[in-house]
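Residue indices begin at 1 and follow the sequence shown.
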Amino acid sequence: PEGGVFLLLGVLCGIHREGRIIEAAAAAAGTPAMVRCSGASAANAARGARELVEAGATRLLSFGVAGGLADDARPGDLLTPERVLDQCDGDWAADPEWLAALRAAWPEGRPDAVLGVDMAATTIGQKVFLGAAFPAAVAVDMESHHLARAAAEAGLPFLCVRAVADDRRSLLPRAAMAGVGPAGDERPHRVLLSLLYRPHEIKALIRLARASGRAFRTLGRVGRAGPCLGVGGA
């Protein structure tokens with residue numbers, strides 16, 4: 001309880017690996033958190049956001065990796081955006097008090113906006129186009145705009161915490177997308193099967209694995225500082 005109000009963190013991620021970071025933080029703090037994973041599906045992201053609100057979440061967090069759009073966005077960069085945008089003029093502000101607490105703990109977090117899209121930006125051309133169309137956005141993901149919209153509609157505080165997993169000069173191999181299940185589960189056998197048909201993607205997949213490893217190390221460090229994320233009090 002905080003000021004007599006029971007706090008329940010609702011978290012929207014893309015994949016289970018992201019969600020496990022928050023679940024571990026919540027377990028360590030002994031505080032409740034609900035996690036939904038979209039599996040790179042716009043419909044799942046919108047549904048997951050609604051479910052978190054309907055289940056009684058009192059604050060909403062978008063947490064996970066993002067694709068770089070800005071020239072200087074590098075794998076492992078921490079993003080603590082002040083705003084989340086979408087491609088239809090949507091513009092939502094992060095909760096200022098919650099964001100200030102996060103920034104106090106992680107001042108290196110970039111404040112630039114994050115852009116939400118409903119289709120994965122997998123090619124260099126798509127990233128360049130989005131970066132030019134939305135110059136205020138440092139990175140792109142598929143969940144934040146759905147959660148920000150749900151938070152605004154419900155009158156709940158919202159925060160976005162992301163880490164860059166691939167820069168704008170890197171494509172996202174189809175094999176990597178094949179490895180994400182509809183519920184955000186990891187399917188390594190699908191990755192291997194995809195590589196049988198697209199062996200030329202092996203080098204790109206290795207580069208992505210190294211870059212995303214830096215992103216997950218960043219998320220892991222932030223996750224271990226639970227209170228600034230709303231886990232264990234904020």
So [Y] and [X], do their side chains get closer than 4.5 Å, heavy atoms only?
X: Val35; Y: Leu52; answer: no
X: Thr218; Y: Arg214; answer: no
X: Arg221; Y: Trp106; answer: yes
X: Ile124; Y: Arg168; answer: no

| note | Here the pair of heavy atoms bringing Lys127 nearest to Gly68 is CD-O, 3.8 Å
| query | What closest approach, in Å, do Ala150 and Leu60 show between heavy atoms, and which atom pair accounts for it? | reply | C-CD1, 4.5 Å
| Axial cation check for Phe216 ring with Arg17, 6.0 Å and 45° limits | yes
| Pi-cation contact, Trp98 with Arg59 (under 6.0 Å, within 45°) | yes
| request: State whether Arg149 and Asp86 are salt-bridged, where the test is any N-O pair (Lys NZ or Arg NE/NH1/NH2 against Asp/Glu carboxylate O) under 4.0 Å. | output: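 Yes, Arg149 and Asp86 are salt-bridged.
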| message | Assess whether a salt bridge exists between Arg20 and Glu186, defined as any Lys/Arg side-chain N lying under 4.0 Å from an Asp/Glu carboxylate O. | response |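 Result for this pair is yes, salt bridge flagged.
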| said: Could you list the cluster mates of Leu115? Members are the ILVMFWY residues connected by side-chain heavy atoms closer than 4.5 Å, either directly or through other members. | reply: Leu69, Leu85, Val117, Phe129, Leu130, Phe134, Val140, Met142
| task | Test side chain to side chain donor-acceptor pair (under 3.5 Å) on Glu143 and Ser38 and set out the steps. | result | CA-CA 7 Å; Glu143 297 84 37; Ser38 70; 3.1 Å; yes
